[in-house]
Novice: 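Pasting a structure here, questions to come.
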2 protein chains.
Amino acid sequence: MDTRRKLLCAAEALFDRHGFTATGMGRLTRAADMSSRTLYKHAGSKADLIVAVLAERQQRFLRAIRVQSVEALFAALETWVRREGGRGCLFLRAYGETGGDAPEIAQAVSTYKAELFDTIEKIVSAETGGTHQPELAEQILVLFEGATWAAVYRGTGAINAARQAAVALIQQARS
Amino acid sequence: MDTRRKLLCAAEALFDRHGFTATGMGRLTRAADMSSRTLYKHAGSKADLIVAVLAERQQRFLRAIRVQSVEALFAALETWVRREGGRGCLFLRAYGETGGDAPEIAQAVSTYKAELFDTIEKIVSAETGGTHQPELAEQILVLFEGATWAAVYRGTGAINAARQAAVALIQQARS
DNA sequence: ACAAAGGTAAAATGATCGTTTTACCATGCA
DNA sequence: TGCATGGTAAAACGATCATTTTACCTTTGT
């Protein structure tokens with residue numbers, strides 16, 4: 001089923017570059033190079049398509065930041081932004097566009113963010129000698145979120161700043 | 001001209017709660033309790049209205065965070081989020097919904113972010129004894145941005161975490 | 001040979017979009 | 001008295017929205 005992948009790729013790119021609501025199904029069928037009938041047979045509805053795009057993005061992004069140190073975490077984010085461009089967190093953008101009025105999308109966002117926090121918590125724990133430090137993990141999460149968004153208007157320099165701040169906080173916690 | 005203020009207030013609330021694109025002019029006229037003719041005479045167009053809302057928000061928000069310490073900066077953010085709710089940065093949301101396809105909105109966003117960075121830079125400078133430290137200021141900016149967004153899904157706890165991280169970074173820079 | 005599967009193009013559906021128009025009503029000032 | 005000013009309601013505008021329908025074309029496996 002190459003069709004579904006083609007659809008998801010086109011949809012992810014368009015949603016990311018032009019926004020979810022502003023991207024119409026007409027533009028999607030053209031970009032994915034398929035008839036609207038085929039699109040609806042695979043996607044179900046636009047909301048379903050958004051959820052599918054988010055699910056695929058979650059897998060891809062979490063795999064991209066599967067690292068073992070805080071330093072590498074921010075390096076991975078920088079690589080991602082250089083490759084894909086930085087337009088903020090796609091999940092929060094989806095949530096913001098619907099105002100939480102679409103429960104399925106709100107659910108996808110909270111699932112992703114929970115897993116993101118979990119990922120960061122594990123990295124932080126590994127760097128501080130296996131100790132549980134939820135407050136420190138939350139600080140790193142905030143830096144990660146901030147780097148993602150600040151990169152929109154300040155470029156990858158913001159990610160570097162975040163990386164240095166994160167390293168400093170970790171080092172301070174270790175002593 | 002009470003009419004214009006009524007319009008801007010209603011528009012800001014609806015845009016914030018339901019998104020810019022998803023908020024139609026019909027819903028706006030109902031919320032602002034005025035005819036569409038009156039609305040268009042004051043607003044010009046929807047894009048103009050969005051720009052006007054952002055300009056008003058910029059003034060209001062920057063006034064709310066006009067403080068003299070990093071600690072107070074994050075306390076002010078927490079107060080804001082408690083009062084107005086945390087749905088992320090309205091400017092970046094507007095930018096994300098249009099994908100930068102609307103130059104007037106992109107301009108409003110970059111103007112605001114420049115002034116925000118300036119504000120933070122001054123606070124940081126005051127706290128480090130008048131020295132210029134753009135890297136430290138950028139770290140605080142990233143924490144501020146991250147706190148704004150992480151509060152969407154983690155509540156005000158994320159702002160507290162950011163505040164503590166910021167204070168630690170400032171203290172470390174002072175020694 | 002045949003039928004199911006999966007695709008196409010193109011038109012139609014009804015709703016909603018942003019915006020403008022038409023026609024009217026109050027107010028206050030000259 | 002008269003005439004701007006600033007508002008109202010309601011209809012109409014053409015465009016676009018998400019979605020469905022109709023009718024047809026290729027594959028592919030049995």
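Below, chain A is the first sequence line, B the second, and so on; all start at residue 1. What you see below is based on every heavy atom in this structure, not just the backbone, and it leaves out hydrogens, waters and symmetry mates.
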Novice: Nearest-Å distance, CG (A:L28) to C1' (D:dA18)?
Specialist: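 Spelled out: CG on A:L28 to C1' on D:dA18 is 11 Å.
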Novice: Name the closest nucleotide to the A:M34 side chain, picking from D:dG7, D:dT19, C:dT8.
Specialist: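 It is C:dT8.
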Novice: Distance alone, cut at 3.5 Å: any donor-acceptor contact between the side chains of A:Q58 and A:E115?
Specialist: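 Indeed, the side chains of A:Q58 and A:E115 share at least one donor-acceptor pair under 3.5 Å.
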Novice: Whole angstroms only, please: what is the CZ-P distance between B:R30 and D:dA10?
Specialist: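 Going from B:R30 (CZ) to D:dA10 (P), I get 13 Å.
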Novice: Mind checking if A:D33 touches a base, just sugar-phosphate, or nothing, with heavy atoms under 4.0 Å?
Specialist: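 Answer is sugar-phosphate: A:D33 comes under 4.0 Å of backbone atoms only.
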Novice: Within the 4.0 Å heavy-atom criterion, would you say A:T23 contacts the bases, only the backbone, or no part of the nucleic acid?
Specialist: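 Touches sugar-phosphate only.
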Novice: Is there a side-chain polar atom (N or O) of B:S35 under 4.0 Å from OP1 or OP2 of D:dA10?
Specialist: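 Answer is no, no contact under 4.0 Å.
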Novice: Can you run through DNA chain D from 5' to 3' and write each base as (, ), [, ], | or . depending on how it pairs? Watson-Crick or G-U wobble, both distances under 3.5 Å.
Specialist: .|||||||||||.|||||||||||||||||
Novice: Of all the heavy-atom pairs spanning A:K46 and A:T23, show the shortest one and how long it is.
Specialist: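 Shortest heavy-atom separation between A:K46 and A:T23 comes out as NZ-O, 2.9 Å.
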Novice: Given atom NZ of A:K46 and atom C1' of D:dT19, what is their separation to the nearest angstrom?
Specialist: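 After rounding, the gap between these two atoms is 12 Å.
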Novice: Is it the case that one hydrophobic cluster holds both B:W80 and B:V70, taking links as side-chain heavy atoms less than 4.5 Å apart, direct or via other members?
Specialist: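 As far as the 4.5 Å side-chain criterion goes, B:V70 and B:W80 are connected within one cluster.
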Novice: Are any of the side-chain heavy atoms of A:L28 and A:L49 separated by less than 4.5 Å?
Specialist: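 Answer yes - side chains close enough.
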Novice: Is the ring pair A:F61/A:F144 parallel, tilted or perpendicular, if the boundaries are 30 and 60 degrees?
Specialist: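 Rings of A:F61 and A:F144: tilted, 30 to 60°.
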Novice: Starting the side chain at C-beta, find the nucleotide from D:dT19, D:dT8, D:dG7 nearest to B:H42.
Specialist: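 Nearest nucleotide to the side chain: D:dG7.
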Novice: Salt bridge or not for B:E97 and B:R93, using N-O below 4.0 Å?
Specialist: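 Here B:E97 does not pair with B:R93 in a salt bridge, since their nearest N and O are not under 4.0 Å apart.
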Novice: Among A:Y95, A:F15, A:F91, whose ring pair (Phe, Tyr, Trp, His ring centres under 6.0 Å) with A:F20 holds?
Specialist: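 Answer after filtering A:Y95, A:F15, A:F91: A:F15.
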Novice: Are B:T111 and B:Q107 linked by a side-chain donor-acceptor pair shorter than 3.5 Å?
Specialist: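 Result is yes, a qualifying pair exists.
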Novice: Please report the distance, rounded to the nearest Å, between CG in A:D48 and P in D:dT19.
Specialist: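 Rounding to the nearest Å, CG of A:D48 and P of D:dT19 are 9 Å apart.
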Novice: Flag the pair A:E145 and B:R154 as a salt bridge only when some basic side-chain nitrogen lies within less than 4.0 angstrom of an acidic carboxylate oxygen.
Specialist: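 Here A:E145 does not pair with B:R154 in a salt bridge, since their nearest N and O are not under 4.0 Å apart.
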Novice: Using a strict heavy-atom distance below 4.0 Å, which residues from residues 15-22 of chain B are in contact with DNA chain D?
Specialist: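 Correct list: empty, so none.
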Novice: B:R4 CZ to D:dG6 P: how many Å, rounded?
Specialist: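 Rounded to whole Å, this separation is 14 Å.
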Novice: Distance check needed: C:dT16 P versus A:M25 CE, whole Å only.
Specialist: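 These atoms are roughly 17 Å apart.
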Novice: For A:S69 and A:E71, test the side chains for any donor-to-acceptor distance below 3.5 angstrom and give the result as yes or no.
Specialist: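 A:E71 and A:S69 do not have a side-chain donor-acceptor pair below 3.5 Å.
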Novice: Does a nitrogen or oxygen in the side chain of B:T3 sit under 4.0 Å from OP1 or OP2 of D:dG6?
Specialist: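 Answer is no, no contact under 4.0 Å.
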Novice: Please write out each protein N/O paired with an N/O of nucleotides 20-24 of chain D under 3.5 Å, distance rounded to 0.1 Å.
Specialist:
{"unit_1": "D:dT20", "atom_1": "O4", "unit_2": "A:S36", "atom_2": "OG", "d": "2.9"}

Novice: Rounded to the Å, how far apart are B:D2 CG and D:dG7 P?
Specialist: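 Atom-to-atom, B:D2 to D:dG7, this comes out as 10 Å.
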Novice: In whole angstroms, how far is the P atom of C:dG18 from the CZ atom of B:R27?
Specialist: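 Taking atom P of C:dG18 as the reference, CZ of B:R27 is at 11 Å.
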Novice: For a salt bridge (Lys or Arg N to Asp or Glu O under 4.0 Å) with B:E12, tell me which candidate from B:R5, B:K6, B:R17, B:R57 qualifies.
Specialist: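 It is B:R57; the other options fail the test.
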Novice: Which atom names give the shortest non-hydrogen contact between B:D101 and B:P103, and what distance separates them?
Specialist: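 Shortest heavy-atom contact: O-CD, 3.4 Å.
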